[in-house]
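Note that this is a predicted model, so its numbers are computed, not measured. All values below were derived from every heavy atom in this structure, side-chain atoms included, with hydrogens, water molecules and symmetry-related copies excluded.
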Amino acid sequence: MRTAVELHRAWNMSILTSAILQRIKDKFDIRMTWNLGVLKLKFRVEDGGHEIQRKVPYDYDSEYQSMYFRIAVALIKGHISVHDALVFQTETKDGAHTARSLLFLRDFPGRLIIYPFQAATCALIFFDGDWNDVVPALVCGFVTGLVEYALSSIGGDALKLLDISVGLATGIVGSLFYRFTYVGGETPYCLTSIFMGTLYWFFYGTAFVIGLLEIIAGEFETGVTRFIAVTVKTFVLCLGASLGMLFTVKDPRTAWSEQYCDPIFDIKEGGERHTWRIPFFVLCSVFVLGQYRAPIYTYPLGLIVMTVGWWVQTETFEIVNKSYKSDNDFLDASASNVLGAMAAVLSASALKYFLDSSKDFYYARLLQRENRMQNTCYGNCVYKLISRSVRLVNCLKLGRISDVMKLKMEKKLKQSREELDSPDHTRMEIDLNAEEQGWLTEALVDSQEINIWAILMPAVYQLVPGSVIAKLWFGVMFSTGDTVFENLMVIACSLALGLVLGNALVQVLQKVLCCGSKSKRKDEERTGSLYMIPGDTFDDPDDKMKGEE
């Protein structure tokens with residue numbers, strides 16, 4: 001249940017969480033069923049005679065997403081005991097296995113650094129902003145961060161006011177810049193870019209795509225609920241921003257229609273502006289990874305996947321738009337989003353395969369496992385490269401101290417292993433103190449496969465249509481006449497299909513490349529970390545045995 005709660009908190013993807021729970025249930029023949037809703041989880045034990053409910057807040061947490069997944073996999077493979085898994089989960093919750101650099105950014109007030117810079121960069125990259133909009137977006141982002149900090153500190157029912165309060169604060173602060181610079185019927189600010197850039201983190205557009213994925217997989221209850229919940233949540237944010245304008249400017253509708261938007265990074269203009277768009281996108285992605293609480297030393301992985309997906313998306317959109325002049329249809333949007341999502345999945349899968357292979361060599365040496373490649377020239381190079389990277393990251397105060405201590409423990413394990421294998425030595429077992437036992441457990445957990453969604457989810461966030469939903473509601477508020485619902489559905493559905501097709505292509509490649517290989521079963525097991533539709537869940541292990549017969 002603890003695994004389900006923490007994975008659901010970090011993922012909020014019922015299918016993936018359910019797949020992990022099913023593997024644990026099959027491993028230990030547990031008589032338990034569950035119902036994973038969008039926010040409420042139900043567990044039934046003792047043949048349904050006892051039900052436990054847990055309410056899980058909506059959040060994204062890349063570190064927990066990866067850590068709790070690895071704990072579950074290590075438990076399933078028998079690398080750690082149930083007791084070790086429970087202790088490690090408790091320590092993870094307490095921050096004992098979190099790098100010092102991330103502890104500051106995990107919670108407030110450290111997170112206040114991220115909000116303004118993400119708002120400013122999103123306004124420039126995604127919402128037709130220019131340099132004049134940077135300062136208002138910075139201020140709005142900082143104010144919304146303060147609002148969330150204050151409400152989260154109060155807790156309880158105060159959190160129910162988060163969306164309307166954030167929207168209201170954004171509308172008031174952004175409109176104040178508009179009001180005091182409105183001269184001669186003109187203003188240098190683009191309210192759309194300021195509002196959208198600030199509220200982008202709160203839109204939860206990723207959940208919109210996840211809802212469609214669940215509907216495609218047949219999970220209609222959670223899919224439709226998530227779909228409607230995100231739509232309503234975005235409406236509340238837009239309503240708050242509109243009310244903020246109403247309290248600040250005399251004619252909000254005129255202010256919205258007369259706003260001045262001159263995109264500084266217009267993809268259609270090409271040249272220098274287009275070239276500089278990529279570095280600013282990378283900068284924006286850094287702050288997105290900060291919002292996702294990704295460990296800083298994993299930023300390069302996330303940035304590669306995010307940049308590849310976004311670059312394929314924007315380039316495809318431009319090529320299709322220019323080649324077929326599809327100004328009056330959605331072919332450019334659908335094609336760009338399908339290919340962008342597929343590119344993100346493929347790049348994440350390629351990185352996962354390369355890093356998992358490299359980690360096998362590293363942890364085989366670190367844990368003194370039997371591995372025929374660990375003492376080869378390639379294995380030695382991989383071990384030295386990773387070990388030096390670990391020391392460099394810790395020298396920069398970005399990693400965990402325990403990672404360096406595990407390198408020192410490797411020498412003790414190696415010597416003890418040699419003495420244990422030697423017939424001339426009296427050693428009967430390898431003795432480790434309590435601290436070393438903790439490092440060993442952490443190494444066993446870290447040696448598990450990388451959770452692909454921990455690096456893929458931020459990329460999906462950068463591709464999702466959360467802002468399109470907001471444009472729909474702002475259009476309703478100010479009667480702009482824009483018909484964006486069709487665009488919303490095209491983008492969301494094409495992204496969902498792109499993720500499914502990308503994963504299907506990865507599975508096909510795995511089967512082709514691993515055909516006849518002894519590692520085929522291992523690679524197929526690792527595919528469980530990707531999006532896939534799970535099989536039937538049996539309530540009773542005995543029923544499963546009968547079904548197999």
Side-chain angles (χ1 to χ4, degrees), residues 60 62-63 99 101-102 104-106 110-145 189-190 192-203 205-206 261-267 269-315 317-318 340 343-344 347-348 351 393 396-398 454-464 466-467:
Y60 291 125
S62 182
E63 186 193 31
S101 55
L102 184 58
F104 178 71
L105 297 176
R106 281 200 63 87
R111 293 181 62 78
L112 289 174
I113 299 175
I114 302 174
Y115 285 81
F117 292 104
Q118 186 194 13
T121 52
C122 284
L124 290 176
I125 294 295
F126 298 116
F127 304 115
D128 299 336
D130 62 10
W131 298 121
N132 293 324
D133 302 319
V134 171
V135 174
L138 285 171
V139 176
C140 287
F142 184 72
V143 171
T144 55
Y189 299 120
C190 177
T192 301
S193 66
I194 297 172
F195 286 6
M196 296 291 192
T198 303
L199 299 177
Y200 195 46
W201 172 247
F202 299 94
F203 285 150
T206 307
C261 297
D262 180 25
I264 194 170
F265 295 126
D266 192 348
I267 191 174
E269 293 187 13
E272 183 179 357
R273 284 183 168 185
H274 189 167
T275 303
W276 276 100
R277 197 167 188 246
I278 297 178
F280 271 85
F281 173 82
V282 174
L283 181 63
C284 177
S285 300
V286 170
F287 298 114
V288 169
L289 290 170
Q291 286 282 31
Y292 266 83
R293 300 181 177 91
I296 295 179
Y297 57 86
T298 65
Y299 278 21
L301 304 179
L303 291 176
I304 291 173
V305 177
M306 296 165 80
T307 304
V308 168
W310 171 80
W311 184 83
V312 172
Q313 182 192 47
T314 54
E315 291 298 317
F317 182 88
E318 186 176 10
S347 59
L351 285 174
V393 169
L396 298 175
K397 307 299 182 182
L398 300 178
I455 57 177
L456 182 59
M457 188 66 78
V460 176
Y461 167 81
Q462 294 283 63
L463 301 174
V464 295
S467 58

**Student:** In the structure I gave you, are the side-chain heavy atoms of Trp201 and Tyr292 within less than 4.5 Å of one another anywhere?
**Tutor:** yes
**Student:** If I take atom CD1 from residue Ile455 and atom CG from residue Leu289, how far apart are they, to the nearest 0.5 angstrom?
**Tutor:** 10.5 Å
**Student:** Under the ring-ring contact (aromatic ring centres under 6.0 Å, His included) test, which residues partner Phe280, sequence neighbours left out?
**Tutor:** Trp131, Phe265
**Student:** If you measure from OG on Ser193 to CG on Asn132, what distance do you get to the nearest 0.5 Å?
**Tutor:** 9.5 Å
**Student:** So how far is it from Tyr115 OH to Leu112 CG, rounded to the nearest 0.5 Å?
**Tutor:** 8.0 Å
**Student:** With a 4.5 Å heavy-atom cut-off, do Ile194 and Cys140 have their side chains touching?
**Tutor:** yes
**Student:** Report, one line per pair, each donor and acceptor closer than 3.5 Å where one atom sits in a side chain of residues 301-310; sequence neighbours left out.
**Tutor:**
residue: Thr307; atom: OG1; partner: Leu303; partner atom: O; Å: 2.7

**Student:** Set out, in order, the CA-CA distance, both residues' side-chain angles and the distance that settles side-chain contact (heavy atoms from CB on, under 4.5 Å) for Leu124 and Val134, then state yes or no.
**Tutor:** CA-CA 8 Å; Leu124 290 176; Val134 171; 3.9 Å; yes
**Student:** Inspect the surroundings of CZ in Phe287 and state if more than 12 heavy atoms from other residues, nucleotides or ligands are less than 6.0 Å away.
**Tutor:** yes
**Student:** Which pairs, with at least one residue in residues 293-304 and sequence neighbours excluded, count as a side chain to side chain donor-acceptor pair (under 3.5 Å)?
**Tutor:** Asp59-Arg293
**Student:** For Ala119 and Gly141, work out which heavy atoms get closest and say how close.
**Tutor:** CB-CA, 4.0 Å
**Student:** Drop me the distance from Thr144's OG1 to Gln118's CD, to the nearest 0.5 angstrom.
**Tutor:** 9.0 Å
**Student:** Hey, are the side chains of Phe104 and Ile113 touching, using non-hydrogen atoms and a 4.5 Å cut-off?
**Tutor:** yes
**Student:** Please tell me if the side chains of Thr314 and Arg277 come closer than 4.5 Å, counting only heavy atoms from C-beta onward.
**Tutor:** yes
**Student:** Looking only at the aromatic ring of each residue, does the gap between the centers of Tyr200 and Phe127 stay below 6.0 angstrom?
**Tutor:** yes
**Student:** In Å and rounded to the nearest 0.5 Å, what is the CG to CD1 distance from Leu283 to Ile278?
**Tutor:** 14.0 Å
**Student:** Tell me, please, which residues at least two apart from Cys190 pass disulfide (SG to SG under 2.5 Å).
**Tutor:** Cys261
**Student:** Sequence neighbours excluded, which residues qualify as side-chain hydrogen bond (donor to acceptor under 3.5 Å, both in side chains) partners of Tyr189?
**Tutor:** none
**Student:** List for me each residue that meets side-chain hydrogen bond (donor to acceptor under 3.5 Å, both in side chains) alongside Ser285, sequence neighbours excluded, and say none if there are none.
**Tutor:** Gln462
**Student:** Does any non-hydrogen side-chain atom of Arg111 lie less than 4.5 Å from one of Arg106?
**Tutor:** no
**Student:** Which atom names give the shortest non-hydrogen contact between Pro458 and Ala454, and what distance separates them?
**Tutor:** CD-O, 3.6 Å
**Student:** Are Met196 and Phe126 side-chain neighbours, meaning at least one heavy-atom pair lies under 4.5 Å?
**Tutor:** no
